[in-house]
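Reading through the C-alpha cells given below for one structure.
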Amino acid sequence: MKVAVSRKEHFNAAHRLFNPAWSDEKNFQVFDKCSYPNYHGHNYELIVTVTGEPDPDTGYVMDMKVLSGIIKKHVLDIFDHKNLNLDTAYFKNTNPTAENIALVIWRILRPHIESQLELKIKLYETERNFVEYPAH
Ligand code: NI
C-alpha cells in the first residue's frame, strides 16, 4: 500500500568537471567542454520522491509543504546561483557530476525525512540527461 509522492524543484548552478590528478589534456579528453577552467552553468531540475504508507489520519505520505521547506532550506538555499566547486563545502574533493550532486542531495535530505519513508533523488542536468539515486 505504499505511495510515492514527489516534489519538483529547480536551481541554477555553475560547475567544472575535472580530476586534479590529471593533466589539462587528459581532463579535456574525458570531460570535454565541461572541463573548461572558467566554469559553466546548468538549470538543474530536482525531483525528490518520498515513498511510504499514507498516514491514516491525514491521508498524506508526507506533507508537501514540509518537504518543500526542507528542500529549500537544505538544498536550494545552499546550491542555487552558486558555483558548486567553489561556493559549497560538498565538492571541494568531489567532482560535481550529476551523479555526485544527486548523492550529496540524498545525504543532505535523508536525516530530515522520517526514517520509515524511502527517499529517491532524480536530477536533470539537461532536458535529456538525468540521474537517479538510489538506482533501484
Ligand atoms: Ni556541466
Side-chain angles (χ1 to χ4, degrees):
M1 295 287 283
K2 286 183 178 176
V3 180
V5 300
S6 297
R7 173 79 188 177
K8 188 175 184 182
E9 298 286 356
H10 178 84
F11 62 95
N12 303 316
H15 73 168
R16 177 194 183 195
L17 302 184
F18 75 110
N19 183 331
W22 296 344
S23 67
D24 288 351
E25 291 75 18
K26 173 87 185 273
N27 272 293
F28 188 75
Q29 279 172 16
V30 174
F31 298 117
D32 197 59
K33 291 185 280 189
C34 289
S35 73
Y36 283 172
N38 288 337
Y39 305 94
H40 64 276
H42 291 282
N43 298 313
Y44 290 98
E45 293 286 347
L46 169 65
I47 298 167
V48 176
T49 300
V50 174
T51 301
E53 309 247 349
D55 182 279
D57 294 326
T58 63
Y60 286 164
V61 172
M62 182 173 180
D63 186 326
M64 288 287 103
K65 284 196 304 293
V66 172
L67 180 59
S68 172
I70 290 169
I71 299 167
K72 180 179 187 311
K73 178 176 179 186
H74 298 285
V75 177
L76 305 183
D77 287 354
I78 310 297
F79 290 174
D80 190 35
H81 284 72
K82 298 288 179 63
N83 180 311
L84 297 176
N85 301 75
L86 301 180
D87 299 335
T88 77
Y90 299 102
F91 302 102
K92 298 292 182 206
N93 301 303
T94 301
N95 210 13
T97 58
E99 291 89 330
N100 283 332
I101 298 168
L103 278 165
V104 162
I105 291 173
W106 187 92
R107 290 194 194 111
I108 291 171
L109 292 178
R110 182 66 267 187
H112 301 285
I113 310 288
E114 287 183 46
S115 59
Q116 79 276 15
L117 300 173
E118 296 162 30
L119 174 64
K120 187 160 195 163
I121 304 300
K122 184 184 269 192
L123 183 71
Y124 284 79
E125 190 169 72
T126 71
E127 282 184 26
R128 296 169 188 275
N129 293 341
F130 61 94
V131 303
E132 291 176 278
Y133 181 78
H136 299 292

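Atoms within each ligand, like the ligands themselves, are counted from 1 in listed order. It should be emphasised that the depicted structure is a prediction, and the values quoted were computed from it without experimental measurement.
- Side-chain contact between Y124 and I47: present, with at least one pair of heavy atoms (C-beta onward) separated by less than 4.5 Å.
- Residue V48 forms a side-chain contact (heavy atoms from CB on, under 4.5 Å) with just one option from L123, L109, I113, and that option is L109.
- Cluster membership check: I70 shares its hydrophobic cluster with W106, using side-chain heavy-atom separations under 4.5 Å among Ile, Leu, Val, Met, Phe, Trp and Tyr.
- Excluding waters, the set of protein N, O or S atoms lying under 2.8 Å from the Ni ion (ligand 1) comprises H15 NE2, H40 NE2, H42 NE2.
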Tell me, with the steps shown, if S68 and E9 meet side-chain contact (heavy atoms from CB on, under 4.5 Å). CA-CA 8 Å; S68 172; E9 298 286 356; 3.5 Å; yes
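- How far CD1 of I108 is from OH of Y90: 3.5 Å, rounded to the nearest 0.5 Å.
- The salt bridge (Lys or Arg N to Asp or Glu O under 4.0 Å) contacts involving residues 91-119 comprise K2-E118, where partners must be two or more places apart or lie in separate chains.
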